[in-house]
Amino acid sequence: MDMLKFFNIIHLEHILLNPMSLEKLEQLITLLTLKPGARVLDIATGKGEFLIRLAERNRQMTGTGIDLSPFFIADVRKKHQERVPDAQLHFLEMDGAEYVPEVSQSFDLAACIGASWIFGGHRGTLNALQKMAAPESWIVVGEPYWRQEPEQEYLEAIEMARNDLGTHDQNADAGRELGLELVYTLVSSQDDWDRYEGLQWYSAETWACDHRDDPDVETVLKRVRDSKTAYLKWGRETLGWSIYVFRKGAV
């Protein structure tokens, strides 16, 4: 089935498309001080909650949100008009890897929270963002990490390799290797993870009940139920998540 349709279905009940709480997101936004007229880039913006909240706090900023999903772009454009209609925000429906800014190193904040596959992984994401980020800017990324060594059965169940992800400290070191200074992390709790995963199960089952004649019902339910089994059996103890806040050109 169409993967963009699938991702929309399993995130119907989500505000954030990652295992982070709204309280922690608000804490992050409080820390990300921006000067008047700051330029913000959010690649894989999803439903745009991060960019919208930044604009609510920084009315003079300009922002660009990019996402491949027409469903999410429609959601965030509606949210923009409802919450900050006067904010200078622009949303592009495209592959973030294909985005090229008019001026390199021009964004005061460059983010990609939870979609590092766009740039081939965590290091590739940091490398891409730093080329778009201005001196003395913020670079914000969200990335899973191994809390413990994953069992081979778990890797097979989620179709990943051990080297696809690093540990928490390896994610931090990836920024240092590029000359970025890690200044803060927001780490998801078990409750954050359970809510994120559980809402996917709820969304899929509810959608399936409401769309019994949809040809993709069986595929959606199988994928989500298999994912649920893997999470409860292995993932809950094995996989972590953090938002990493780096500073480019820190003293």
Side-chain angles (χ1 to χ4, degrees), residues 14-18 20-70 72-115 118-119 125-142 175 178-186 242-251:
H14 291 74
I15 297 174
L16 303 179
L17 309 189
N18 57 70
M20 186 59 62
S21 69
L22 289 172
E23 293 78 13
K24 290 176 183 175
L25 179 68
E26 192 60 34
Q27 179 187 10
L28 170 63
I29 288 170
T30 300
L31 294 173
L32 295 172
T33 54
L34 295 172
K35 62 188 178 183
R39 301 183 70 233
V40 176
L41 173 67
D42 187 20
I43 294 179
T45 192
K47 297 184 180 181
E49 192 66 23
F50 176 61
L51 197 53
I52 294 293
R53 289 192 179 221
L54 278 171
E56 287 174 335
R57 182 174 286 270
N58 303 274
R59 295 289 179 154
Q60 296 181 355
M61 64 168 261
T62 62
T64 300
I66 298 170
D67 204 282
L68 186 60
S69 170
F72 296 155
I73 287 293
D75 285 339
V76 73
R77 284 175 174 159
K78 179 181 178 183
K79 189 179 294 186
H80 176 203
Q81 293 305 313
E82 290 175 346
R83 289 169 54 181
V84 281
D86 297 330
Q88 297 299 306
L89 303 180
H90 308 280
F91 301 99
L92 305 175
E93 182 186 325
M94 64 179 294
D95 184 344
E98 297 178 359
Y99 175 74
V100 179
E102 294 181 3
V103 180
S104 63
Q105 301 188 60
S106 59
F107 288 99
D108 300 287
L109 190 162
C112 180
I113 301 175
I118 293 174
F119 300 107
T125 299
L126 290 174
N127 187 49
L129 293 182
Q130 74 149 348
K131 293 177 181 177
M132 294 184 259
E136 300 183 15
S137 61
W138 302 105
I139 293 179
V140 181
V141 296
L178 293 171
L180 305 174
E181 186 63 33
L182 180 70
V183 297
Y184 200 68
T185 61
L186 291 95
S242 178
I243 293 180
Y244 300 87
V245 181
F246 294 95
R247 192 79 177 180
K248 179 179 178 180
V251 176

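Everything numeric in this text was worked out from a predicted model, so none of it was measured.
The shortest distance between side-chain heavy atoms of Leu54 and Leu109 falls below 4.5 Å. Here the side chains of Met61 and Leu89 are in contact, with some heavy-atom distance below 4.5 Å. Taking the side chain as every heavy atom from C-beta outward, Phe119 and Asn127 never approach each other to under 4.5 Å. Put simply, the side chain of Leu129 reaches to within 4.5 Å of the side chain of Cys112, judged on heavy atoms. In this structure, Glu49 and Leu17 have side chains that are not in contact, with every pair of non-hydrogen atoms separated by 4.5 Å or more.
Not a single donor-acceptor pair under 3.5 Å links the side chain of Arg247 to the backbone N or O of Ile139. Formation of a donor-acceptor pair under 3.5 Å by the Ser242 side chain with backbone atoms of Leu186 is found in this model.
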Could you go through the side-chain contact (heavy atoms from CB on, under 4.5 Å) check for Ile52 and Lys47 one step at a time?
CA-CA 9 Å; Ile52 294 293; Lys47 297 184 180 181; over 6 Å; no

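What you find for Val76 and Gly46 is that their closest heavy atoms are CB-O, 4.2 Å. For Ile73 against Asp67, the heavy-atom pair with the smallest separation is CG1-O, 3.7 Å. When every heavy atom of Glu26 is checked against every heavy atom of Arg57, the shortest pair comes out as OE2-NH2, 3.3 Å. The minimum heavy-atom distance between Phe50 and Ala111, with the atom names listed, is CE2-CB, 3.8 Å. Leu31 and Trp138 get closest at one heavy-atom pair: O-CZ2, 3.8 Å. Heavy atoms only, all atoms of each residue included: Ser106 and Arg39 are closest at OG-NH1, 2.7 Å.
Screening Asp95, Thr125, Leu68, Ile66 against Ile118 for a side chain to side chain contact (heavy atoms under 4.5 Å, CB included) leaves a single residue, Asp95. Only one option out of Thr45, Asn18, Ile43 pairs with Ile113 in a side chain to side chain contact (heavy atoms under 4.5 Å, CB included); it is Asn18. For the side chain to side chain contact (heavy atoms under 4.5 Å, CB included) with Arg83, the lone residue among Lys79, His80, Gln81 that qualifies is Lys79.
Within a 6.0 Å sphere centred on CD of Glu56, other residues, nucleotides and ligands contribute more than 12 heavy atoms.
Between Phe107 and Tyr99, the ring-plane angle classifies as tilted under the 30° and 60° cut-offs.
Leu32 CG to Ser137 OG: the interatomic distance, rounded to the nearest 0.5 Å, is 11.0 Å. Considering CD1 of Ile243 and CE of Met20, their distance stands at 4.0 Å, rounded to 0.5 Å. Rounding to the nearest 0.5 Å gives a distance of 11.5 Å between CG of Leu16 and NZ of Lys24.
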